[in-house]
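A short write-up of the structure that comes next.
What you see is a predicted model, and the numbers here were worked out from it, not measured in a lab.
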Amino acid sequence: MSKLFYKDKFILIKGIGKKEKTSDEKKVVCPSCGRELNKRDVVVNHYICTACGSYFRVNTKNRIHMVCDKGTFTPWFEDVESTNPLNFPEYEKKLSDIKEKTGLHESISVGVGEICGEKVCLGICDARFLMGSMGHGVGEKIALAVERATKEKLPVIFFCCSGGARMQEGIISLMQMAKTAAALKKHSDAGLLYVSVLTDPTTGGVMASFAMLGDIILAEPEALIGFAGARVIEQTIGQKLPKGFQRAEFQMEHGFVDKVVERDELKQVLFQILRSHRISMENETYSGFTEEIKKFVPTEVSKEKQAKAPVKTAWEKVKEARSINRPSALTYINLIFDHFMEFHGDRSSGDDKAVVGGIAWLYGQPVTTIGIQKGNSVGECAMRNYGMASPEGYRKALRLMKQAEKFHRPVICFINTSGAYPGMEAEEKGQGEAIARNLFEMSALKVPVLSIVIGEGGSGGALGLAVGNEVWMLENSTYAILSPEGFASILWKDGKRSREAAEVMRITAEDLKRLSVIETIIPEYGSADASTVKDIVGFMKERMVLFLKKFDNMDGDTIAGDRYRRFRKY
């Protein structure tokens with residue numbers, strides 16, 4: 001009977017090393033639920049407990065097998081190993097013993113492989129080697145791998161699993177944090193993609209360096225992710241910690257992880273990210289559509305419906321724009337695009353549920369799409385804060401837009417908000433600064449930006465996502481400096497005159513088209529709801545294709561200049 005160390009527990013594995021036992025007879029004990037399991041079943045299930053669903057740690061060989069196409073991984077820099085820079089007692093023997101036991105040269109293996117045919121530089125940390133701790137050998141292998149990836153123009157994926165810095169190497173270990181970060185900065189400046197996958201545990205100096213520097217940060221469910229461990233926090237400052245503290249879900253909720261991905265979905269998610277990156281970087285145009293686009297034909301029924309659409313007053317359009325039955329940002333995103341991969345967090349303090357965003361595909365063309373999601377039920381509206389974005393939401397949106405600029409993806413925004421959240425918490429976190437920063441940065445983005453008002457366009461809260469090369473509005477949406485009720489209260493000291501205010505404020509799509517504030521009015525064929533949304537989507541998709549084609553021969557400075565001139569005229 002052998003012992004395996006996992007999550008501070010010994011797991012008994014029966015039959016290992018006994019030739020007479022078949023793989024079907026080998027047993028493992030789940031460290032979470034304590035159930036004895038058939039090892040073959042656990043392996044087939046991607047090293048996930050078949051009883052309770054908790055994750056086993058995965059060694060280097062198995063991780064390569066799970067994510068790489070068969071036979072495509074080639075190791076790099078296997079001759080790089082840690083020495084004993086501080087002459088720490090018995091460290092050399094400890095290294096020798098662990099190398100013999102694991103068959104590894106270091107706690108990280110690096111190399112090149114393919115994920116569903118996409119070539120990528122890979123780094124895999126292994127907890128069996130001194131808990132994946134980072135010594136100078138680890139830092140050197142990471143730096144060498146990233147430098148080679150930069151030279152060969154390869155994306156990088158690191159699977160992180162570490163207890164942090166290697167204590168036996170002291171200050172030399174600490175220096176690896178800066179060294180790995182510097183190598184990744186050069187890789188980033190070359191316009192290349194870095195994805196970090198955080199597994200259990202990712203802590204200390206590794207978490208505070210290369211693990212948290214990904215353009216996209218993924219995590220496995222329930223993975224422990226944190227700088228100072230719970231034991232350290234409790235013993236140092238006596239702070240009691242809540243359940244789930246520092247787990248992957250906690251980190252996503254607090255803005256530091258883009259997506260928590262189930263292990264059996266991880267390879268496909270990585271492939272989609274890599275494919276999006278490759279297509280965006282290879283395309284010199286913004287209309288690199290697949291052949292599927294030829295299948296799309298605008299429906300004639302739409303024109304008939306539009307001809308019958310009733311004329312509405314400004315106040316009726318205000319009520320239409322506010323309707324809970326109106327299709328939401330996610331409704332349009334899911335119907336317009338071939339696929340949508342949502343990313344979370346502002347990498348600073350939180351993940352605002354009022355703002356959704358990520359990568360999507362329009363006829364095979366990768367785009368970054370961002371929306372203010374108000375909700376289509378009372379429960380969802382409450383969860384989404386009724387579409388009133390907080391600073392975290394604007395910062396998340398800006399992070400995704402800057403990522404889009406780096407990877408040559410156009411940006412498409414869907415706006416439906418009565419305004420930015422006016423609460424005390426938002427003011428404490430810098431609501432005004434967050435909106436101002438978006439205006440500042442969006443004005444100079446070197447990729448096309450399209451902003452579409454699908455419901456209410458309320459004040460600066462809407463403008464924070466509406467600094468576009470073009471701005472469109474659905475015909476029954478509104479876009480205004482503030483609500484008609486607020487306008488009437490401020491100017492006339494009478495909030496009951498809101499209906500009258502709606503008429504004089506010039507807030508409808510027709511008004512704003514006449515004022516040249518918007519470029520296109522999207523027909524609703526009566527009212528935007530479940531019966532007309534497919535026709536609305538068809539109109540949008542056709543116009544989006546034409547919009548993107550306009551920028552095919554423009555460089556980044558020209559695209560930004562076009563946007564600057566648009567707003568300079570007002």
Side-chain angles (χ1 to χ4, degrees), residues 115-119 153 155 191 193 216 268-303 327 329-343 356-371 400-401 403-414 445-452 454 468-472 474 519-520 522-523 533-556 558-560 562-563:
I115 298 177
C116 300
E118 299 289 340
K119 191 175 180 182
K153 300 188 185 312
L193 172 70
I216 297 169
Q268 183 62 23
V269 168
L270 290 172
F271 164 67
Q272 290 169 342
I273 292 170
L274 292 170
R275 179 174 173 269
S276 167
H277 171 256
R278 177 179 55 79
I279 292 172
S280 297
M281 300 307 286
E282 287 178 355
N283 284 348
E284 295 182 0
T285 70
Y286 292 100
S287 58
F289 307 114
T290 63
E291 288 297 305
E292 275 186 38
I293 194 170
K294 295 179 180 178
K295 301 177 185 177
F296 174 70
V297 179
T299 173
E300 292 299 318
V301 178
S302 300
K303 296 177 181 178
L330 280 175
T331 303
Y332 288 114
I333 288 171
N334 289 324
L335 288 175
I336 290 171
F337 301 111
D338 308 320
H339 179 71
F340 172 57
M341 184 184 297
E342 184 177 357
F343 294 145
V356 297
I359 302 173
W361 285 261
L362 178 65
Y363 294 118
Q365 167 68 48
V367 304
T368 289
T369 185
I370 300 162
L400 294 175
M401 286 188 273
Q403 184 187 102
E405 180 181 48
K406 176 180 176 181
F407 298 126
H408 196 65
R409 290 194 299 266
V411 176
I412 299 177
C413 299
F414 298 88
L445 287 176
K446 296 183 178 181
V447 293
V449 179
L450 171 63
S451 299
I452 307 172
I454 60 173
N469 293 84
E470 290 190 12
V471 178
W472 302 352
L474 268 69
E519 280 73 21
T520 298
I522 301 166
V533 68
K534 289 186 178 179
D535 291 317
I536 296 170
V537 163
F539 184 95
M540 282 189 186
K541 290 182 76 168
E542 183 183 18
R543 297 311 191 278
M544 284 178 184
V545 168
L546 298 175
F547 169 81
L548 293 178
K549 284 183 176 179
K550 285 172 49 178
F551 298 93
D552 277 351
N553 298 316
M554 291 189 191
D555 61 24
T558 304
I559 292 170
D562 172 78
R563 196 179 310 112

**OP:** Check for a donor-acceptor pair, side chain of Gln365 on one end and backbone N or O of Phe289 on the other, with a separation under 3.5 Å.
**Re:** no
Would you please name every residue forming a side chain to side chain donor-acceptor pair (under 3.5 Å) with [X], sequence neighbours left out?
X: Thr368; value: Arg409
X: Asp562; value: Asn469
X: Lys406; value: Ser188, Asp215

Could you tell me the separation between the [atom1] atom of [X] and the [atom2] atom of [Y], rounded to the nearest 0.5 Å?
X: Ile333; Y: Glu342; atom1: CD1; atom2: CD; answer: 8.0 Å
X: Leu474; Y: Ile536; atom1: CG; atom2: CD1; answer: 5.5 Å
X: Asp535; Y: Met540; atom1: CG; atom2: CE; answer: 12.0 Å
X: Leu362; Y: Ser287; atom1: CG; atom2: OG; answer: 10.5 Å
X: Leu450; Y: Leu548; atom1: CG; atom2: CG; answer: 8.0 Å
X: Phe343; Y: Ile359; atom1: CZ; atom2: CD1; answer: 4.0 Å

Search all heavy atoms of [X] against all heavy atoms of [Y] and return the closest pair with its distance.
X: Asn283; Y: Gly288; answer: ND2-CA, 3.7 Å
X: Ile279; Y: Pro366; answer: CG2-CD, 3.5 Å
X: Val447; Y: Ala404; answer: CG1-O, 4.1 Å
X: Val449; Y: Arg563; answer: CG2-NH2, 3.7 Å

Original post:
Mind checking what makes side-chain contact (heavy atoms from CB on, under 4.5 Å) contact with Leu274, not counting sequence neighbours?
Top reply: Ile115, Glu118, Val120, Pro155, Ile157, Leu193
Subject >> Ala360: side-chain contact (heavy atoms from CB on, under 4.5 Å) partners, not counting sequence neighbours >> reply: Phe337, Phe340, Val367, Thr369
Using ring-ring contact (aromatic ring centres under 6.0 Å, His included) as the criterion, list what pairs up with [X], not counting sequence neighbours.
X: Phe547; value: Phe551
X: Tyr286; value: His408
X: Phe407; value: His277

Original post:
Does Lys534 have any salt bridge (Lys or Arg N to Asp or Glu O under 4.0 Å) partners at least two apart in sequence or in another chain, and if so, which?
Top reply: none
Original post:
Which residue pairs pass the salt bridge (charged side-chain N to carboxylate O under 4.0 Å, His left out) test when at least one of the two sits in residues 280-290, sequence neighbours left out?
Top reply: Arg278-Glu282
Original post:
Quick one: salt bridge (charged side-chain N to carboxylate O under 4.0 Å, His left out) pairs with a partner in residues 545-556, sequence neighbours left out?
Top reply: Glu470-Lys550
Original post:
Which word best sums up how the rings of Phe414 and Tyr332 line up, parallel for under 30°, tilted for 30 to 60°, or perpendicular for over 60°?
Top reply: parallel
Subject >> Heavy-atom side-chain proximity of Met544 to Tyr363 below 4.5 angstrom >> reply: no
Subject >> Beyond-backbone contact of Gln403 with Ile216, side-chain heavy atoms, under 4.5 angstrom >> reply: yes
